[in-house]
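Chain letters run A, B, ... following the sequence lines, proteins first, then strands; residues in each count from 1.
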Amino acid sequence: MALRFYNTLTQELEGFYPLQNNTVRMYTCGPTVYNFVHIGNFRTFTFQDILRRWLRYRGYQLNHVMNVTDVDDKIIANAAKEHKSIGDYTAVFTKAFFEDAAALRLEQPEHVAPATKHIDVMANAIEQLAAKGCTYTSEGSTYFRISSFPEYGKLSHNDFSGIRSGARVDVDEYDKADARDFVLWKARKDSEPAWETPFGEGRPGWHIECSAMAMSYLGETLDIHAGGVDLIFPHHENEIAQSEAITGKPFARFWLHAEHLHIESQKMSKSLGNFYTLRDLLEMGYEPEAIRYLLASVPYRKKLNFTFESLKAVAKSIERLREFELRLASAKLPAGANEEISERSREAIRQFEEAMDDDLNTAEALAAIFEYVRAMNSGLDENRFQEENRWDAARVLEVFDCVFDVLKSSGSAEAEQAGSLSEAEIKAAIDERSQAKKARDFARADQIRGRLQEAGVLLEDTKDGVRWKRK
RNA sequence: GGCGCGGUAGCCAAGUGGUAAGGCAGAGGUCUGCAAAACCUUUAUUCGGCGGUUCGAUCCCGCCCCGCGCCUCCA
């Protein structure tokens, strides 16, 4: 079965292929930089990263645009509180976001698009909407008239035909003609940041940013648009309305939405205050790879229940894989190749690919890897491995890691520094201990082992000699 | 109320109309001078409840119970 994704628009699993050539044109909703983003947000960004990597594995080129919302109510309010310009204010959190993303090994999209750098594109989109009669102004602000777009609701599968103006309009929304209408352009208020446009001085509404930037970078119809489930309505629904009202063409062919990360059975969110930032977890001593693995290991359409127990468990899982890699590298093997091992390796890759092709079923893909590792550990135990088979196993791990990217330890560079023992020193100590063991001076041997352990170096006695690793 | 997601072993979590992947934890074992580490084996007669369809359902249908999300800013 070929690559397929669940499309929120059609509510079906659909075979995926890009519309133009071999390049996937993809747009994802990025962060609003008014604060540090939390790991719930990163669950979605990690999903997007896995998606990127798998598309590339499947031979596609990527043209991926991610927006950065750097002007909105919260940003304006927070910046004012700190007596900073919004630019100075958002620069801090934008930088933090990309640092965190790098720590989680999230690839950079081909284009990162800050909203404030694309005001002209948005203004142009609003003018096109106005020319089509889809807008109206009220108190200096410009609104999108939902009644001008009959298909409104097709993404969230809501029927809005019954909702008419006057049905129930919130007090502070008295200036809208229809309760569901949304603002395209907000009139300037007091000293708020504002931009000059033909339809007045002000700033963009949130939804227009994504429509305008997506189409300006990627054209009228995108292959994939992705984000968190909470964006389905109203954000993505509104994007569809604006974009399709302008072009008359489908805005995006595939809509992919990641479920939320939960904590204590509730959505992790800023407003509930039940969140951890990546920085929080790193300070507690968790490895970024473990966090990445945890975020990636639950298929993206399932709620992911975050617990520290899980985080500790996945750290062990990663160790198991790294242990296998290490064992493979240090094993003494006879020359030649065992075809049975080679075939089992190819089988593992097939299973992994099949799982990933199935709407990125990472849980099943992981199962394929762990089953393989168990089989290969047995193979090593039973001396069925030969020299050439190293490559077979290395290839399996390589395929795994080009998606999950957790095998190489970023190994808190500090810890390695703190360990302070050089490789040569460690090797010398190991030799000394081996001599002591040979002389049956176990007290001496244990003393050396203890000293190394204190320095953060763990010894493992194996059939093929002494192995060590930093802890 | 409308729309949507889910309830599988101690925890996390796949999956299929034909009798339950994987990870962690637990138990047993191998290795070892002893350890540690590692590795191996093992762990749900059962898949929220009740009916129905079927030769057969955890998987299909109906009803019910429970949890969660969106409907307002939100990954």
Review point. Under a 4.0 Å N-O cut-off, is there an ion pair linking A:Glu289 with A:Arg105?
Key: yes
Review point. Taking OP1 and OP2 of B:C68, is either one under 4.0 Å from a side-chain nitrogen or oxygen of A:Asn305?
Key: no
Review point. Taking NZ, NE, NH1 and NH2 as the nitrogens, is one of them in A:Asp49 or A:Arg53 under 4.0 Å from a carboxylate oxygen of the other?
Key: yes
**Study point:** P gap between B:G10 and B:G29, integer Å
**Key:** 24 Å
**Study point:** B:C50 and B:U46, which share atom name P, separated by this distance in whole Å
**Key:** 12 Å
Revision key, fill the gap. A:Phe352 atom CZ is separated from B:A14 atom C1', nearest whole Å, by 15 Å
Review point. Salt-bridged, A:Asp446 to A:Arg433, with N to O below 4.0 Å?
Key: no
Exercise for review: Mind checking A:Leu294 for me? I need base, sugar-phosphate or nothing, with any heavy atom below 4.0 Å counting as a touch.
Suggested key: nothing
Check your understanding: Of the candidate nucleotides B:C74, B:A14, B:G33, which contains the atom at the shortest distance from the side chain of A:Trp206?
Key -> B:C74
Review point. In terms of side-chain heavy atoms, does A:His225 have a donor or acceptor partner in A:Thr28 at a distance below 3.5 Å?
Key: no
Practice item. Take atom CG of A:Leu231 and atom P of B:G69, then tell me their distance rounded to the nearest Å. Key: 16 Å
Revision key, fill the gap. Taking B:A37, B:G33, B:A75 as options, the one with an atom nearest any side-chain atom of A:Leu261 is B:A75
Practice item. Assign A:His257 to base, sugar-phosphate, or nothing according to its heavy-atom contacts below 4.0 angstrom with the strands shown. Key: nothing
Review point. Going by atom types alone, do A:Asp72 and A:Thr32 pair a side-chain donor with an acceptor below 3.5 Å?
Key: no
Exercise for review: Please state whether the phosphate of B:A38, meaning OP1 or OP2, lies under 4.0 angstrom from any side-chain nitrogen or oxygen of A:Arg322.
Suggested key: no
Review point. Pick the nucleotide of RNA chain B nearest each of A:Phe45 and A:Phe233; which residue has the one closer to the 5' end?
Key: A:Phe233
Point to revise | Electrostatic pair A:Lys154-A:Glu244, nearest N-O below 4.0 angstrom | key: yes
Check your understanding: Charged N to carboxylate O below 4.0 Å: is that the case for A:Arg279 and A:Glu99?
Key -> yes
**Study point:** Under 3.5 Å donor-acceptor, A:Ser211 side chain and A:Ile208 backbone
**Key:** no
Review point. What interatomic distance, in whole Å, is found between P of B:U53 and the corresponding atom of B:C61?
Key: 16 Å
Atom pairs, N/O to N/O, protein against nucleotides 30-32 of chain B, distance under 3.5 Å?
none

Check your understanding: Do A:Glu287 and A:Arg322 sit within salt-bridge range, that is, some charged N less than 4.0 Å from a carboxylate O?
Key -> yes
Review point. For B:A37, does OP1 or OP2 lie under 4.0 Å from any side-chain N or O of A:Arg320?
Key: no
Check your understanding: A:Thr277 and A:Asp280: side-chain donor and acceptor closer than 3.5 Å?
Key -> yes
Can you give me the N/O atom pairs linking the protein to nucleotides 19-21 of chain B at distances under 3.5 Å, or say none if there are none?
residue	atom	partner	partner atom	Å
B:A21	O2'	A:Glu371	OE1	3.1

Exercise for review: Figure out the CE/P separation between A:Met268 and B:C73, and round it to whole Å.
Suggested key: 23 Å
Practice item. Between B:C31 and B:U16, how far apart are the C1' atoms? Round to whole Å, please. Key: 39 Å
Check your understanding: Hey, can you pull the residues of residues 65-78 of chain A with a non-hydrogen atom under 4.0 angstrom from RNA chain B?
Key -> A:Lys74
Review point. Just checking A:Gly40: base, sugar-phosphate only, or nothing, at a heavy-atom cut-off of under 4.0 Å?
Key: base
Using a cutoff of under 3.5 Å, can you pull out all pairs of nitrogen or oxygen atoms linking the protein to nucleotides 4-9 of chain B, with atom names and distances?
residue	atom	partner	partner atom	Å
B:C5	O2	A:Lys303	NZ	2.8

Practice item. Using a 4.0 Å heavy-atom cut-off across all strands, classify A:Ser265 as base, sugar-phosphate, or nothing. Key: sugar-phosphate
Practice item. Determine, for A:Arg327 against A:Glu323, whether the closest basic-nitrogen to carboxylate-oxygen distance falls under 4.0 angstrom. Key: no
Check your understanding: Are the charged groups of A:Arg203 and A:Asp73 less than 4.0 angstrom apart, N to O?
Key -> yes
Review point. Whole Å only: how far is the NZ atom of A:Lys469 from the C1' atom of B:A37?
Key: 6 Å
Practice item. Can you tell me, in whole Å, how much space there is between the P of B:A35 and that of B:U41? Key: 23 Å
Practice item. Pick the C1' atom in B:U58 and in B:A38, then give their distance to the nearest Å. Key: 36 Å
**Study point:** Cationic N near anionic O, under 4.0 Å, A:Arg145 to A:Asp181
**Key:** no
Review point. Looking at the side chain of A:Asn158, which of B:G15, B:C71, B:C3 is the nearest nucleotide?
Key: B:C3
**Study point:** Spacing between A:Asn35 atom CG and B:A75 atom P, to the nearest angstrom
**Key:** 11 Å
Check your understanding: Is a salt bridge present between A:Glu460 and A:Lys469, judged by a nitrogen-to-oxygen distance below 4.0 Å?
Key -> yes
Check your understanding: Under 4.0 angstrom, heavy atoms only, what part of the nucleic acid is A:Arg449 near: base, sugar-phosphate, or nothing?
Key -> base
Revision key, fill the gap. Atom CG of A:Leu104 and atom P of B:A75 are separated, to the nearest Å, by 16 Å
**Study point:** Distance below 4.0 Å between A:Lys267 side-chain N/O and B:C68 OP1 or OP2
**Key:** no
Study note, to complete from the structure: Per atom distances to the A:Glu323 side chain, the nearest of B:A75, B:C68, B:C39 is B:C39
Review point. With rounding to whole Å, what would you report as the distance between B:A27 and B:C59 at their C1' atoms?
Key: 32 Å
**Study point:** Upstream residue (5' side of RNA chain B) when A:Ser297 and A:Asp381 are each assigned their closest nucleotide
**Key:** A:Ser297
Review point. Quick one: A:His236 NE2 to B:C73 P, roughly how many Å, whole number?
Key: 14 Å
Review point. Roughly how many Å is it from CG in A:Leu380 to P in B:A38, rounded to a whole number?
Key: 16 Å
Review point. Parallel, tilted or perpendicular: which fits the ring planes of A:Tyr217 and A:His111, with parallel below 30° and perpendicular above 60°?
Key: tilted
Review point. Is A:Phe442 stacked on the base of B:G33, with ring centres under 5.5 Å apart and planes under 30° apart?
Key: yes
Review point. What residue pairs, at least two apart or across chains, pass salt bridge (Lys or Arg N to Asp or Glu O under 4.0 Å) with a residue in residues 263-277 of chain A?
Key: A:Asp230-A:Lys267
Exercise for review: For B:C65 and B:A25, measure between their C1' atoms and round to the nearest Å.
Suggested key: 31 Å
Exercise for review: Run the salt-bridge test on A:Glu14 and A:Arg4 with the 4.0 Å N-O cut-off and return the result as yes or no.
Suggested key: no
Practice item. Report the C-alpha distance between A:Tyr286 and A:Phe308 in whole Å, list the side-chain angles of each, state the deciding distance to 0.1 Å, and finish with yes or no for ring pair (Phe, Tyr, Trp, His ring centres under 6.0 Å). Key: CA-CA 10 Å; A:Tyr286 293 101; A:Phe308 287 100; 5.7 Å; yes
Revision key, fill the gap. Secondary structure of RNA chain B per the Watson-Crick/G-U criterion (both distances under 3.5 Å; [ ] crossing, | other strand, . unpaired) is (((((((..(((.....[...))).(((((.......))))).....(((((..]....))))))))))))....
Review point. With the threshold set at 4.0 Å, does a side-chain nitrogen-carboxylate oxygen contact exist between A:Glu343 and A:Arg350?
Key: yes
